[in-house]
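See below for the structure under consideration.
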Amino acid sequence: MESEPRIYAVRILPTFCTTVKTPMHVPFSTIDPKWQQYWADHHIHRVDDDHSKPKYYVLDMFPYPSGAGLHIGHPEGYTATDIVARFKRMCGYNVLHPMGFDAFGLPTERYSMTTGIPPAMATEANIATFKKQLNMLGFNYDWSREVNTTDPSYYRWTQWMFLLVYNSWFDEAQQRARPIAELPIPATITDPLDREAYIDAKRLAFIAYSPVNWCEALGTVLANEEVDEWKEKGYTVERRPMRQWMLRITAYAERLLNDLDGLDWPTSTVEMQRHWIGKSEGAEVRFNVDGTEHAISVFTTRPDTIFGATYLVLAPEHPLVEWIVSAEQRAHVALYRDAASMKSDLERTELAKDKTGVFTGAYAINPASGERVPIWVADYVLAHYGTGAIMAVPGHDARDHAFAREFGLPILQVVAPSDGTTVDILQEAFTDAGVNVHSANEQVSLNGRATSEAKETIATWIEAQGIGTRRVQYKLRDWLFSRQRYWGEPIPIMFFDDGTKRALDEDELPLVLPPVKEFKPSGTGESPLATVPEWVSFTDAKTGKHARFETNTMPQWAGSCWYYLRFCDPHNNETFCAPDKEAYWMGDSGVDLYMGGSEHAVLHLLYARFWHKVLYDHGLVHTTEPFKRVFHQGLIMGEDGRKMSKSLGNVVNPDDVVREYGADALRLYEMFLGPLEASKPWNTKGLDGISRFLNRAWRLIVNEEGTLSESVQPVPCTPEQDLVLHTTIKKTRVDIDALSFNTSIAQFMVFVNEFTPATIRPRVAMEQFVQCLAPFAPHVAEELWSVLGHTTSVFLSAYPEVDESKLVTSEVEIVLQVNSKIRGKMMVPSDADAATMEALAFAHPVLAAAMEGTTLRKKVIVPGKLVNVIVS
RNA sequence: GCGAGCGUGGCGGAAUUGGCAGACGCACUGGACUCAAAAUCCAGCGGGGUCAAACCCGUGGGGGUUCGACUCCCCCCGCUCGCACCA
């Protein structure tokens, strides 16, 4: 498109044809497809399983193939990994750089609801579009290893892994998953149904009836972490108790936390995972309810403040509420609990400015102080965390303080600042660590003890009294694993009329999704699968019993939990991945580089780590972690600095850019924008700059006829040229490992600026430059490599090596400073030692003049850098 | 509120262990080529100051460590992302 007007001008003014020098441009519209075809025909990107070479596994988070195709953000991470993959291959590594599609999910299903086009068909079309666009950008994926999560030959193994999880229990003592067959069953359990119930309760995949986030419009439940996303899109989500599959990820909380150490991940991502797991250490303490047999267990991280606990609070859902509530308060409490159940977790916290609650009419005995304290119900206490009940210490907890002030409950001070100052506990809670006061009974005194010591003392006392224990608590909750949707992996379990069930055996997998005509929700809160007669009513061949299949399907996260393993051995029909291939490609550290957006910093990465650990416990993988190094590419914003969106009209389409500037210009431009991890605005003018650079590089080597320029000669480099060349090689090698592509490209520009004025260009410099550039701009580099006379791909050549001797110059410029201010510069031999430097520098007029008539106080000499004299 | 990260020219951004701030690109200015324009090539481009130089100021603000700080430490301000009644 861009080149059209130029040609046009020549055509209408033919008389100027001979006089006007037509500047040469990279003919990208010819060479891009040419080399893409060449790579495909010659299998340049085919990964071999030659296990004698060192491996490098570089992985992109595979995309969801939406109908909209690639957006401009996709090529950013993909180009980065493409550069690394091509570079590592040129360095002699056997590189695995695969691509696939995470294609199950709601958007496709919703598209099918409105169009009637089956999701499998829509997915196929979308994937074709994505692949075409990915190839257009010249990425070096080995498509023979493509995976697609919706392909039965893939989800067969997703189902197999679900069953592996299902058939596991977590041995707390050994801190690992074990086969369910090894579960010890108490001898007292003899009834088969009781036995099954006991086993089911221990499985890592289990059915629970708990309040979930139901979205009527979507016809499915959502995970807690998904709620915000859909609410933003305008959907309403309500709390509803439903039958759900859960995965016991909480069993792995400690390992998921500990194994974060030693990962080469962004600090923010590690921190986010730590917070998500949310470990806190404290104590669980029992408070007896006055005048009853009941006791309320509370979890606290501040057992040292127990003497200041002036009331208890139960979550509205706490089962004990109805047992302890007094007759006169019963109506109030019931009203409050009903109101609370209508609110979602989100609404409870969003509207959390003012605390609400209601008195139960019951009292408990503070086991430390012996005081009788009122028991309240309030929704600022969450049912799912800790024990669903707290001891309120308004003197030393901001939330309890606000509640106590609202309802006129007593506030006691039991901790004072360590520095001896006083605080007004009635005005504001003192939540820092300090020294205990007013904290003693006949058996134990915390008075005068520092907070950390007081915690220990009281915890020991609590345990000695038999009223509680030390306890570790996590925020992490079990993973809600079922969706009431059609377009997901079927859960391979069938239920019989007698209340028993059966998981499919390995030889019965995959359990394939049945074709359906209607994708709308069944209307009963079940998935569209519930409307398929042969799905919910059939005779099981193995048992002869009448059965129905589970109608829930797995969430979209399932397929992405293990795809990195399938890439190691994508066509294996015997197992999900052959052990020797897993051992080779996953090596000692797993995926060597995993690139993807920070939106997956918590969930996907946590879920995948969890599955990996289950596999590890069963001896199916041999690394404890799947991803050694994770990197998040930043967002590319619109030209106006705002997030790209159709409604703002600031969206840049990669197809348009490739058509106008070529694939290499887009690749280089996105890498040159700024640091890979930063979010940065698009700037079309910057694309012109990159285009100019590519054209200048092109003209170093190619003449107007499109053949090798006469300026390229088989002569050695001058020392200056060698310095630039080897600086470029060195910088690129270092920068690629650091993923600092913007600075490598800047160095390429320096190289081109250096060689452009030269009339004789040493062939060796041109060749090595082309090799350096190749991972970044593969199409241009291949063409230049070919113009230079090579008949095989530049990617089969070895990346240039740095000759350190070429980086050493005979003289270096040093800085002369007087009182640390720069006063001059001079050249000295680069190997000059401190004494030589001093002698040369002191003879220099600038220093000589500065020191005249002054006293030398101090001299600082840094060889190769500077001479600094301090005078007065 | 808590956690993580970041503040450098008109703009995007560079700057091993503390050692010439502003590489490289964009924009802009001037010049060459051209009837003219585009393209290309050459030169300039933080602020003040000067005919020019010298010189002074300058990496969000304030303090500190150091011969020397964009870099290390403390306090403050601002921005981005994440979490948010988790007891």
Side-chain angles (χ1 to χ4, degrees), chain A residues 5-6 9 16 19-25 266-272 274-276 278-280 282 298-302 305 309 313 345 348-350 352-353 355 378-382 384-393 396-400 402-403 431 473-477 598-599 601-602 632 634-635 641 669 672-675 677-690 692-693 695-696 699 734 740 742-750 752-753 756-757 813-822 824-825 857-862 864-870:
Chain A
R6 296 179 197 129
F16 292 113
T19 52
V20 175
K21 271 197 176 175
T22 313
M24 290 184 299
H25 298 281
T267 48
S268 60
T269 300
V270 172
E271 280 308 302
M272 281 162 69
R274 283 214 177 96
H275 278 131
W276 195 263
K279 180 180 184 176
S280 26
V298 302
F299 173 71
T300 178
T301 55
R302 290 294 302 273
T305 61
V313 186
D345 272 13
R348 283 198 197 179
T349 56
E350 269 172 4
K353 299 300 165 216
K355 298 262 182 298
D379 67 4
Y380 83 92
V381 172
L382 305 173
H384 57 75
Y385 183 79
T387 60
I390 62 155
M391 65 175 205
V393 185
H396 305 285
D397 181 280
R399 298 151 300 184
D400 297 342
F403 190 81
T431 57
Q473 174 70 38
Y474 302 92
K475 283 188 208 171
L476 185 67
R477 292 200 241 169
S598 60
E599 67 272 20
V602 176
H632 305 307
L635 279 181
Y669 174 64
F672 190 59
L673 263 179
E677 69 276 17
S679 73
K680 51 238 158 189
W682 185 265
N683 174 8
T684 301
K685 289 286 187 187
L687 203 45
D688 289 328
I690 282 292
R692 275 199 279 274
F693 158 71
N695 289 331
R696 280 159 63 83
R699 287 194 292 264
V734 171
S740 175
N742 53 331
T743 50
S744 313
I745 295 167
Q747 183 61 34
F748 292 149
M749 291 172 171
V750 170
V752 169
N753 292 344
T756 291
E813 189 180 53
I814 63 161
V815 174
L816 303 176
Q817 293 183 337
V818 178
N819 291 338
S820 302
K821 295 203 177 207
I822 295 158
K825 293 170 188 179
R857 299 268 176 217
K858 179 168 186 168
K859 55 195 179 195
V860 180
I861 297 161
V862 183
K865 297 270 189 197
L866 58 83
V867 173
N868 183 12
V869 293
I870 310 303

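So you know, we letter chains A, B, ... as the sequences are listed, proteins then strands, and number each from 1. Since the model is a prediction, treat every value here as computed from it, not as a measurement.
- Comparing the P positions of B/rU66 and B/rC76 gives a spacing of 24 Å, expressed to the nearest Å.
- With values rounded to the nearest 0.5 angstrom, A/Thr387 atom OG1 is found 10.5 Å from A/Tyr385 atom OH.
- Nucleotide B/rA23 holds its C1' atom 15 Å from the CZ atom of A/Phe693, rounded to whole Å.
- Summarising the geometry, atom CZ belonging to A/Arg696 is positioned 4.0 Å from atom OG1 belonging to A/Thr756; distances are rounded to the nearest 0.5 Å.
- Atom OH of A/Tyr669 is separated from atom CD1 of A/Ile690 by 9.0 Å, given to the nearest 0.5 angstrom.
- B/rA32 and B/rU40 make up a base pair, with Watson-Crick or G-U wobble contacts both under 3.5 Å.
- The phosphate of B/rC26 (OP1 or OP2) has a side-chain N or O of A/Arg692 nearer than 4.0 angstrom.
- Proximity of a side-chain donor or acceptor of A/Asn819 to a complementary backbone N or O of A/Lys821 within less than 3.5 Å is not detected.
- Here the separation of B/rU80 from B/rA43, taken at their P atoms, is 41 Å to the nearest Å.
- Nucleotides B/rC11 and B/rG62, compared at atom C1', are 29 Å apart to the nearest Å.
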Between protein and nucleotides 66-69 of chain B, what N or O pairs are separated by less than 3.5 Å?
from   : atom 1 : to       : atom 2 : distance (Å)
B/rC67 : OP1    : A/Lys858 : NZ     : 3.1
B/rC67 : O2'    : A/Ser820 : OG     : 2.2
B/rC67 : O2     : A/Asn868 : ND2    : 2.7
B/rG68 : O4'    : A/Ser820 : OG     : 3.3

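- Going from atom NZ of A/Lys685 over to atom C1' of B/rG12 covers 15 Å, rounded to whole Å.
- Residue contacts for A/Leu673: at a heavy-atom cut-off of 4.0 Å it reaches the sugar-phosphate backbone alone, with no base atom in range.
- If you take CH2 of A/Trp276 and P of B/rG82, they are 12 Å apart, rounded to a whole angstrom.
- Straight-line distance between the C1' atoms of B/rG61 and B/rG7: roughly 11 Å, to the nearest whole Å.
- Within 4.0 Å (heavy atoms only), A/Pro675 reaches sugar-phosphate atoms of the nucleic acid but no base atom.
- Protein atom CH2 of A/Trp682 is 19 Å distant from nucleotide atom P of B/rG25, rounded to whole Å.
- Where A/Lys475 and A/Ser740 meet RNA chain B, the nucleotide closest to each residue was compared, and A/Ser740 sits on the side nearer the 5' end.
- Within the structure, a side-chain polar atom (N or O) of A/Ser280 is placed less than 4.0 Å from OP1 or OP2 of B/rA87.
- At least one donor-acceptor pair under 3.5 Å links the side chain of A/Lys680 to the backbone N or O of A/Pro675.
- Base orientation of B/rG9: syn (glycosidic angle within 90° of 0).
- Distance NE2 (A/His632) to P (B/rG82): 12 Å, rounded to an integer number of Å.
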Identify the pairs formed between an N or O of the protein and an N or O of nucleotides 42-44 of chain B at a distance under 3.5 Å, and give each distance.
none

Check nucleotides 52-57 of chain B for protein N or O atoms closer than 3.5 Å to its own N or O atoms and list the pairs.
from   : atom 1 : to       : atom 2 : distance (Å)
B/rC56 : OP1    : A/Arg823 : NH2    : 3.4

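- With a 6.0 Å cutoff to the six-membered ring centre and a 45° limit on the axis angle, A/Lys355 counts as a cation-pi contact of A/Tyr380.
- Within the model, atoms NE2 of A/His396 and OG1 of A/Thr305 stand 7.0 Å from one another, a figure rounded to the nearest 0.5 Å.
- Remark: B/rG7 base-pairs with B/rC77; criterion is Watson-Crick or G-U wobble with both hydrogen-bond distances under 3.5 Å.
- Contact check for A/His275 versus A/Val602: no side-chain heavy atoms found under the 4.5 Å cut-off.
- Using Watson-Crick or G-U wobble geometry with both donor-acceptor distances under 3.5 Å, B/rG82 finds its partner in B/rC2.
- Partner assigned to B/rC55 is B/rG48, using Watson-Crick or G-U wobble distances below 3.5 angstrom.
- When every heavy atom of A/Ala601 is checked against every heavy atom of A/Met272, the shortest pair comes out as CB-CE, 3.8 Å.
- One finds no side-chain N or O of A/Asn683 lying less than 4.0 angstrom from the OP1 or OP2 phosphate oxygen of B/rC11.
- At a threshold of 4.5 Å between non-hydrogen side-chain atoms, the residues A/Thr269 and A/His632 count as touching.
- Nearest heavy atom pair, residue A/Thr301 against residue A/Ser280, reads CG2-CB, 3.8 Å.
- Using atom C1' as the reference point in both B/rU8 and B/rG58, the two lie 10 Å apart (nearest Å).
- The closest side-chain donor-acceptor pair between A/His384 and A/Arg477 falls under 3.5 angstrom.
- Taking atom CE of A/Met749 as the reference point, atom C1' of B/rA14 lies 13 Å away to the nearest angstrom.
- B/rG31 and B/rC45: their C1' atoms are spaced 15 Å apart (whole Å).
- If you take OH of A/Tyr474 and C1' of B/rC83, they are 19 Å apart, rounded to a whole angstrom.
- In this structure, the CD atom of A/Glu271 is 11 Å from the C1' atom of B/rC83, given to the nearest Å.
- Checking B/rC24, B/rA14, B/rG19 against the side-chain heavy atoms of A/Thr743 singles out B/rA14 as nearest.
- Residue A/Gly689 is in sugar-phosphate contact alone, with no base atom involved, counting any heavy-atom pair closer than 4.0 Å across all strands shown.
- Nucleic acid contact for A/Gln473: none, since no nucleic acid atom lies under 4.0 Å from a heavy atom of the residue.
- Here A/Arg274 does not reach the OP1 or OP2 of B/rC83: none of its side-chain N or O atoms lies under 4.0 Å away.
- For the C1' atom pair drawn from B/rC85 and B/rU16, the interatomic distance equals 47 Å after rounding to whole Å.
- Rounded to whole Å, the separation between the P atoms of B/rG12 and B/rA23 comes to 15 Å.
- Comparing A/Lys865 and A/His275 against RNA chain B, the residue whose closest nucleotide sits nearer the 5' end is A/His275.
- Between the NZ atom in A/Lys825 and the CD1 atom in A/Ile814 there is a gap of 12.0 Å [rounded to 0.5 Å].
- The CG atom of A/Leu816 sits 10.0 Å away from atom CD1 of A/Ile822, with the distance rounded to the nearest 0.5 Å.
- Here A/Tyr380 does not reach the OP1 or OP2 of B/rA87: none of its side-chain N or O atoms lies under 4.0 Å away.
- In this structure, A/Asp400 contributes its side chain and A/Val393 its backbone to a donor-acceptor pair below 3.5 Å.
- Of the candidates B/rG19, B/rC24, B/rC85, B/rC85 carries the atom nearest the A/Lys355 side chain, counting heavy atoms from C-beta on.
- Base pairing of B/rC72 is made with B/rG64, judged by Watson-Crick or G-U wobble geometry with both donor-acceptor distances under 3.5 Å.
- Remark: B/rA15 base-pairs with no nucleotide; criterion is Watson-Crick or G-U wobble with both hydrogen-bond distances under 3.5 Å.
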